[in-house]
Number of protein chains: 2
Amino acid sequence: VNAEIIAVGSEMLTPSKLDTNSLFLTARLNELGVEVQAKSIVGDDPHLLTAAIRIALDRSEIVILSGGLGPTMDDLTREAASAATSRPLEFHGEILRLIEARFRRMNRTPTENNRKQAEILEGAEILVNPNGTAPGQWIEASGRVLMLLPGPPREIEPMFVDQCLPRLRALLPPVVIRTLFWRITGLGESQVDALVAPVYSRYSNPVTTILASLGDIQLHLRAHAATAAEADALLDPVAREMEPLLGDHLYSKEGLSLEEVIAQRLVERGETLAVAESVTGGMVSTRLTAVPGASRWFAGSMTAYTEGAKVRPLGVDPEILQLHSAVSGPVAEQMATRARVLLDADWGIATTGFAGPEGGDPDSPVGTVFLASSHPSRETQALKVRFLGDRERVRQLSTQAALDLLRRQLA
Amino acid sequence: VNAEIIAVGSEMLTPSKLDTNSLFLTARLNELGVEVQAKSIVGDDPHLLTAAIRIALDRSEIVILSGGLGPTMDDLTREAASAATSRPLEFHGEILRLIEARFRRMNRTPTENNRKQAEILEGAEILVNPNGTAPGQWIEASGRVLMLLPGPPREIEPMFVDQCLPRLRALLPPVVIRTLFWRITGLGESQVDALVAPVYSRYSNPVTTILASLGDIQLHLRAHAATAAEADALLDPVAREMEPLLGDHLYSKEGLSLEEVIAQRLVERGETLAVAESVTGGMVSTRLTAVPGASRWFAGSMTAYTEGAKVRPLGVDPEILQLHSAVSGPVAEQMATRARVLLDADWGIATTGFAGPEGGDPDSPVGTVFLASSHPSRETQALKVRFLGDRERVRQLSTQAALDLLRRQLA
């Protein structure tokens, strides 16, 4: 079954707006075994919009319109859908009364133009909108479905999930989707693909998707079948073949972030963590404290950005700082140990480096970073890495590498 | 002049891919006075793609295709454009030789399927691609322009800027664009719009755009005219009328971030800053150290996430902590002052609060945050605020509010 999505509104054609509704809709449709074969964005032009709806209904079994259902003159989705399907618009007094009641609840005076929002295509089912004024519309005829849905994400998402998905499920053959969410670090997107493509490319079910963000790769395996057991049976051999190829770069098989994996391990061990940051400037601490309940295992952190702050209050030995410079292995090691002692924690981790654009020296050009972890029962040994790219990229990759260093120590 | 953009490729129709090329292209086209009236994304289907190109050429003067120029069977843009325009594809041996030379430079063996990439529509101008293999194509006929461009951003962006923009400028009337970039905090998007819409809605040139991110609003005013002086003359009265409506919520008229404004003011005053964070967990420090050269004015920061860390090493008085609890005005004030003293800085700022999902008390439910700034010559007075939303939202809004508190003190 093929679907097509049309986002409506001239504001969606400006350089800063992305049609994110269509991503949400695509994900939900794919879960029903429906493929999206085209998407478009059309401005507030009645002729273009009517033509776009006609073309879509001509070639796709499911057509979803988002936006253009508001009360203003620019909101043309109802009129264009009416013209494209040759169904007249009918005024529904009870919808207008609901809209007016909503206005009164919010202590606002309903305006005359709301009348437009109570116009429904002949034969359409009304989709109520608890999160906004304009109702959606569902039109089903000769094996095709046309949906008119509101534009704001907090209106379209619940309306689609609560009212459109059940209707679609009733029309489509039953399907169960099972997905594996794997997370990988320390390898680039093309390296991961080169490792696992020889396996996944032999299968069309499960479908494998690789999502890359800076320093972090997500691998999604999605199988569909008539039952959950059948879907699992499709996933199992692919997962079993892929897993050893990724080695210990695969850090979660439950879609957890690196900081969530660290949190789990520290809670299991009943241990706490302290951080000393220079080049990452607070990013390691920010990511760790993003985990709810972090105060159970996160003792605190110190951003010691200047040499002065590394000496006092952090307590790095000024002679070591003098001898090796602030961006060096010995200083990273001292920072990790001092953070642990200062904050009375079991583990300490530290970062120091040159994020750029200025700084660096011949031995350690911009992008050079030293990372260290410290624990009373282990040897502290700094790791030297080099990242390419701008300041923000170096900071983010350093943060990820510091968390991964600790994750490996905790494994 | 109207334009239309078509992104090609089934991978662009998955739930995780956004067509960001079209945003880049829209921004550049708008600068030439060209409006984008529709955008679409079409999968690797020859019939759908041919139809989409025909429809676009029928209604738009400029049609830009991105993607589908690679060597594989799925790359169908050339064939579809050939069918839609009834122009045969011609093989250009010199292009194939360039592609093969590129492969050899990278120590790779050219494959047979590269031949496809040397096929050019009859009458097309070739757009060289220094950043990839497939050249672009420019077809101009009967007042219409069709461009076939590669999909990867690092290929399409320089090709468009270097080879398409000069050709478009030669075809279009001359235009100069001048833009004002204003940044606002402490007001919501709808509040900003309610304040300034009565002014900007009276003008179609300049065009006003409001971009909202969490706690931060950007207001762009873009005027176009034949000369820079004329464009400035169009901007001037609108800006003069709007500025007083925004009051001191308008924190930059040069598009600077809050942390960049703070950095400028501290450098001007020759002063330094220290931070103590609890609820924001390192985010204030992260944003401040994102500014290059922050070590000139950023002394350091302490994430004192637990009560223990607030007492030692930060140095909050345990009695005050006991009496008022960790989330309180007096503790925020002490944290700001202690950070300043501990890190030997001129200014200190601090955050403490409940980000959720757990925590809070009847007086201070989840979302309650206390902020404070400290300076030897000013009274330290904590600010109590309440934010709605999830943990991440509360943390981000608290960070923005803490930076804004300091910005106002430095004004």
Between atom [atom1] of [X] and atom [atom2] of [Y], what is the distance when rounded to the nearest 0.5 Å?
X: E11(A); Y: I210(B); atom1: CD; atom2: CD1; value: 13.0 Å
X: L23(A); Y: L18(B); atom1: CG; atom2: CG; value: 4.5 Å
X: I41(A); Y: Q37(B); atom1: CD1; atom2: CD; value: 13.5 Å

For residues 348-360 of chain A, please give each side-chain donor-acceptor pair under 3.5 Å, one per line with the distance, not counting sequence neighbours.
| unit_1 | atom_1 | unit_2 | atom_2 | d |
| --- | --- | --- | --- | --- |
| T351(A) | OG1 | S278(A) | N | 3.4 |
| T351(A) | OG1 | T280(A) | OG1 | 2.8 |
| T352(A) | OG1 | A326(A) | O | 2.8 |

If you count heavy-atom pairs under 4.5 Å with chain A, which of [options] comes out on top?
options: V36(B), L211(B), V42(B), L48(B); answer: L48(B)
options: T399(B), L343(B), V275(B); answer: L343(B)
options: A309(B), A276(B), A51(B), P292(B); answer: P292(B)

Top contributor to chain B interface from [options] [non-hydrogen pairs under 4.5 Å]:
options: G282(A), S10(A), P15(A); value: P15(A)
options: G281(A), G300(A), A274(A); value: G281(A)
options: A299(A), A38(A), S301(A); value: S301(A)
options: A290(A), S16(A), A304(A); value: A290(A)
options: G43(A), A27(A), G308(A); value: A27(A)
options: I6(A), V291(A), V284(A); value: V291(A)

Portion of [X] that has a non-hydrogen atom of chain A nearer than 4.5 angstrom:
X: I55(B); value: side chain
X: V341(B); value: backbone
X: K17(B); value: backbone
X: A294(B); value: both
X: D19(B); value: backbone

Going by distance alone, is a donor N or O of one side chain under 3.5 Å from an acceptor N or O of the other, for S295(B) and T306(A)?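 Result is no, nothing qualifies.
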Checking the side chain of [X] only, and the main-chain atoms of [Y] only, is there a donor and an acceptor separated by less than 3.5 Å?
X: T303(B); Y: S285(A); value: no
X: S40(B); Y: K39(A); value: no
X: R395(B); Y: T286(A); value: yes

Between D344(B) and R312(A), is any pair of side-chain heavy atoms under 4.5 Å apart? yes
Heavy-atom distance under 4.5 Å between the side chains of T26(B) and L13(A), does that happen here?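 A side-chain contact is absent here, since even the closest heavy-atom pair is not under 4.5 Å.
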